[in-house]
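In what follows, chains are A, B, ... by sequence order, proteins preceding strands, each numbered from 1.
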Amino acid sequence: MLTKLMKFATVASLAFAGATSAQAQEEGLLGEIIARDSLLCTGHNGSYLGFAEVDAQGEWQGFDIEMCRALATAILGSPDKVQIIPISWAQRFPAIQSGDIDVIIKVTGWTMTRDTELGLQYSRPYFIGPFYVMSRTDLGAENISDLEGGVFCVNAGTTVERVLADYMETNAIEYEPLSFEKGEELRAALYAGRCDAIAGFGPFLSSTRVNAPNPDDFTIIGDVIKLEPEGIVVRQGEDDFLDVINWMVSALLLAEENGITSENVDEMRANPPSATVERLLGVTPGVGARLGLQDDWAYNVIKTVGNYGQIYDRTVGEGSRYQLPRGLNNLWNNGGLLYPLVLD
Amino acid sequence: MTTLFTSQKFRRTATQVLFIAVVVATILAVILVGRTNIADQGIATGFGFLSQTTGWPVSFSIIEVGPRSTYLQVLFAGLLNTMLVGFMTLFFATLLGLFLALMRISNNGLMKLAGTTYVEIFRNVPVILQVFFWYAILTHMPGPRQAYSLADIAFFSNRGLMLPAPSLSGLDIVLFLGGCVAIIIGVKATKTKLRVPFAVFAMVVLFAALLLTGRAPDVPLWSVPELKGLRFVGGVTLKPEFSALLIGLTLFGASYIGEIIRGGLISVDKGKLEAGSALGMSSFQINRYIRIPLAFRAMLPSLSNQYIWLMKGTTVGIAIGYPDYFAIVSTSINQSGQTMELLALLMGGFIVVNYSIGFAMNLLNSRLKLKGRS
């Protein structure tokens, strides 16, 4: 009811404002975002280090936050036109269903239940999340079966809980599970020695290790227990919005594949090395209108947040304190699993 | 017809009927609109998911649940966890509260000071901080390999307190509890002077009989915890999550309950107590027949409130990883996405538990009611 009213108000206000561009004809959530001139994106209740954290200046930082900014830049032209809404893991689905947020960018695994039963839709994976186990170094465990009978701590309500249970059952390893609602409490319990090991998403483990009083106390065990594709989530039926998201992710990857960075993007736009780059940067028209955006949206995104590799390095990779190797999150031609879609 | 409208009685009734009709219509409209909106958003899909398996483990439960249990079983386990820690909290907090109240009304200055200090400290610190505090202390104990040991049969480490336990199965425990109830009922019906010692003796015999017969062959009488690899095997373990929640809630709740009991005790009119002694009653009799019934009735409403509050307070367990009902519902929402249904179950569960407390207290109240007074 309310959303219908809002839609009506949006359409009405756009009509009065004298719709000028293709944007105004955009209906649904994308139109609402443009009319509101602000994107409502997910933050975290506390810190999910490397992905959504608040820095010393009180600003949100992290990989997911950068993706929010990239999306805001693509749609609204500026990375500042995003509102980061702090939200817990458990809140994110109700929040998007009720319209408190426009999009979930919160390392959210693509699972069948979530995709089919919750009225949600996933974008193409923007991050490949391997799950590992990190244990106390003094236990001397070399693989997970050495931790037989140990206490494994996980974040409550995440896919890790299930993935670990599956792995342990398949490999007939007995363990004692313990789950915490918040990352802070999980880390406190780990550092205090309540847990023998924690299971989780690789980036989460390495950030947990970096922040330990003594990082050498913890070792990430090499066994990958599961690979999880992380997608961006929107409400079912917001197809136009999902198109924008998919192509935003693709543009970031395409930029990296073609060596376009935030530093050289102007130069590239002046002398495009290939037809694809020409199309991507909006030198020849098409990349914008088909999505209901301006033709320079991809240029703006690359100019402000950089390409996929730059975002990765800055937030979780070599350029950050987490030093997470690119691994499977490399481009296909560097031994990874990521690839851009075809921009024709 | 005009007389009808001029009749004050009719107008009053009509206004009331109209008012109720409007209220009912509004509620119905809200429900209907809410239902369509929820259906439109695909949030609610019914309770079918309750029979699906969860795929995730629960770290602590009285009944056996695992990744292959259904949502219904796991939710039930969560409700039991809440009730376990809740009722134990009520019991211990009441005992401690009674003790505190007696300290504060005693004539001994030192006792008074100790009681007052306790109440002021524990009443004024938020319960979640207290629970965190105890949890931090318990988890900063040495690890299992360096555990403190008591004669090698009981151990204390950051994994909890491991105690030896009789090797009884779940069925044995149910039989034992059932037997105890039967003995108490039987003994109550008889009227010999020896009935209390007899009841205790009968319970011991029942326990011993179950202990000797109710276990598999080659299993020792007592299961003693033993360090094996990373953990202790055998015995019972009081996990730090459980203990921290119990200690935190009990110490916090006792400060309030103590004040309620103190208030009740001093509310009893002095004249009634003097009347008792004028009748030649002993101080025990005065307490038993005059002071406690009167005080109890005075404190019952606030005590029921406090009990219900403490039961709801168990929800802070989610912060330290204790899988209470709220934590289980929260995880279930996240895993299954059935927000509306699970929130309804969450509310339903707490209403049942809290209503039972209120009901029990009312029952107690009517038992204690002074007979012969309307």
Report summary line: Bottom line for Arg162(A): the part with an atom under 4.5 Å from chain B's heavy atoms is both

**Report entry** Shortest non-hydrogen contact from Leu118(A) toward Ser336(B)
**Finding:** CD2-O, 3.6 Å

Requested in this report: For the pair Tyr71(B) and Trp56(B), name the ring-plane relationship: parallel under 30°, tilted 30 to 60°, perpendicular over 60°.
Outcome: perpendicular

Query raised in the report: Measuring from Leu246(B):CG to Thr314(B):OG1, what's the distance to the nearest 0.5 Å?
Result: 11.5 Å

Requested in this report: Could you look at Phe60(B) and say if it's the side chain, the backbone, both or neither that has a heavy atom under 4.5 Å from chain A?
Outcome: neither

Query raised in the report: Relative to chain B, which segment of Ser88(A) carries a heavy atom at a distance below 4.5 Å: side chain, backbone, both, or neither?
Result: neither

**Report entry** Heavy-atom proximity to chain B below 4.5 Å, by part of Glu185(A)
**Finding:** side chain

Requested in this report: May I ask you to decide if the ring planes of Tyr48(A) and Phe204(A) are parallel, tilted or perpendicular, using 30° and 60° as cut-offs?
Outcome: parallel

Query - Leu138(B) versus chain A, the contacting section by heavy-atom distance below 4.5 Å - result: neither

Query raised in the report: Using non-hydrogen atoms only, which part of Glu169(A) is less than 4.5 Å away from chain B: side chain, backbone, both, or neither?
Result: side chain

Query raised in the report: In terms of heavy-atom proximity below 4.5 Å to chain A, should Phe132(B) be classed as side chain, backbone, both, or neither?
Result: side chain

**Report entry** Per-residue contact mode, Thr54(B) against chain A (heavy atom under 4.5 angstrom)
**Finding:** backbone

Query raised in the report: Which bit of Glu161(A) is near chain B, if near means a heavy-atom gap under 4.5 Å: side chain, backbone, both or neither?
Result: both

Query raised in the report: Would you call the rings of Phe127(A) and Phe201(A) parallel, tilted or perpendicular, where under 30° means parallel and over 60° means perpendicular?
Result: tilted

Query raised in the report: Is it the side chain or the backbone of Asp166(A) that comes within 4.5 Å of chain B heavy atoms, both, or neither?
Result: neither

Query raised in the report: Is the closest side-chain donor-acceptor distance between Thr70(B) and Thr53(B) under 3.5 Å?
Result: no

Query - Between Trp110(A) and Asp115(A), a side-chain donor and acceptor under 3.5 Å - result: yes

**Report entry** Among the listed options Tyr191(A), Phe180(A), Trp89(A), Phe93(A), the residue most often paired with chain B at heavy-atom distances under 4.5 Å
**Finding:** Phe180(A)

Report task. Please flag which part of Ser157(B) lies under 4.5 Å from any non-hydrogen atom of chain A: side chain, backbone, both or neither. Result -> neither

Requested in this report: Tell me, out of Ser330(B), Pro142(B), Pro240(B), Ser332(B), who's got the most heavy-atom pairs with chain A below 4.5 Å.
Outcome: Pro240(B)

Query raised in the report: Would you find a donor on one side and an acceptor on the other, under 3.5 Å apart, between the side chain of Gln121(A) and the backbone of Gly237(A)?
Result: yes

Query raised in the report: Out of curiosity, Ile105(A) CD1 to Phe51(A) CZ, how far, rounded to the nearest 0.5 Å?
Result: 12.5 Å

Query raised in the report: Hey, which of Ala156(A), Ala165(A), Gly149(A), Ser179(A) has the most heavy atom pairs under 4.5 Å with chain B?
Result: Gly149(A)

Query - Lys/Arg N to Asp/Glu carboxylate O, Arg92(A) vs Asp100(A), below 4.0 Å - result: no

**Report entry** Structural part of Pro67(B) lying under 4.5 Å from a heavy atom of chain A
**Finding:** side chain

Query raised in the report: By a 4.5 Å heavy-atom criterion (distance strictly below it), what part of Leu147(A) contacts chain B: side chain, backbone, both, or neither?
Result: both

Query raised in the report: What distance do Ser61(B) atom OG and Leu80(B) atom CG have between them, rounded to the nearest 0.5 Å?
Result: 8.5 Å

Query raised in the report: Is there a side-chain contact between Asp64(A) and Val107(A) (heavy atoms, below 4.5 Å)?
Result: yes

Query raised in the report: Using a cut-off of under 4.5 Å for heavy-atom pairs, which of Leu164(A), Val163(A), Leu186(A), Thr158(A) has the most such pairs with chain B?
Result: Thr158(A)

Report task. Look at Gln52(B), Arg159(B), Lys239(B) and state which one has the largest set of heavy-atom pairs under 4.5 Å with chain A. Result -> Arg159(B)

Query - Portion of Cys153(A) that has a non-hydrogen atom of chain B nearer than 4.5 angstrom - result: neither

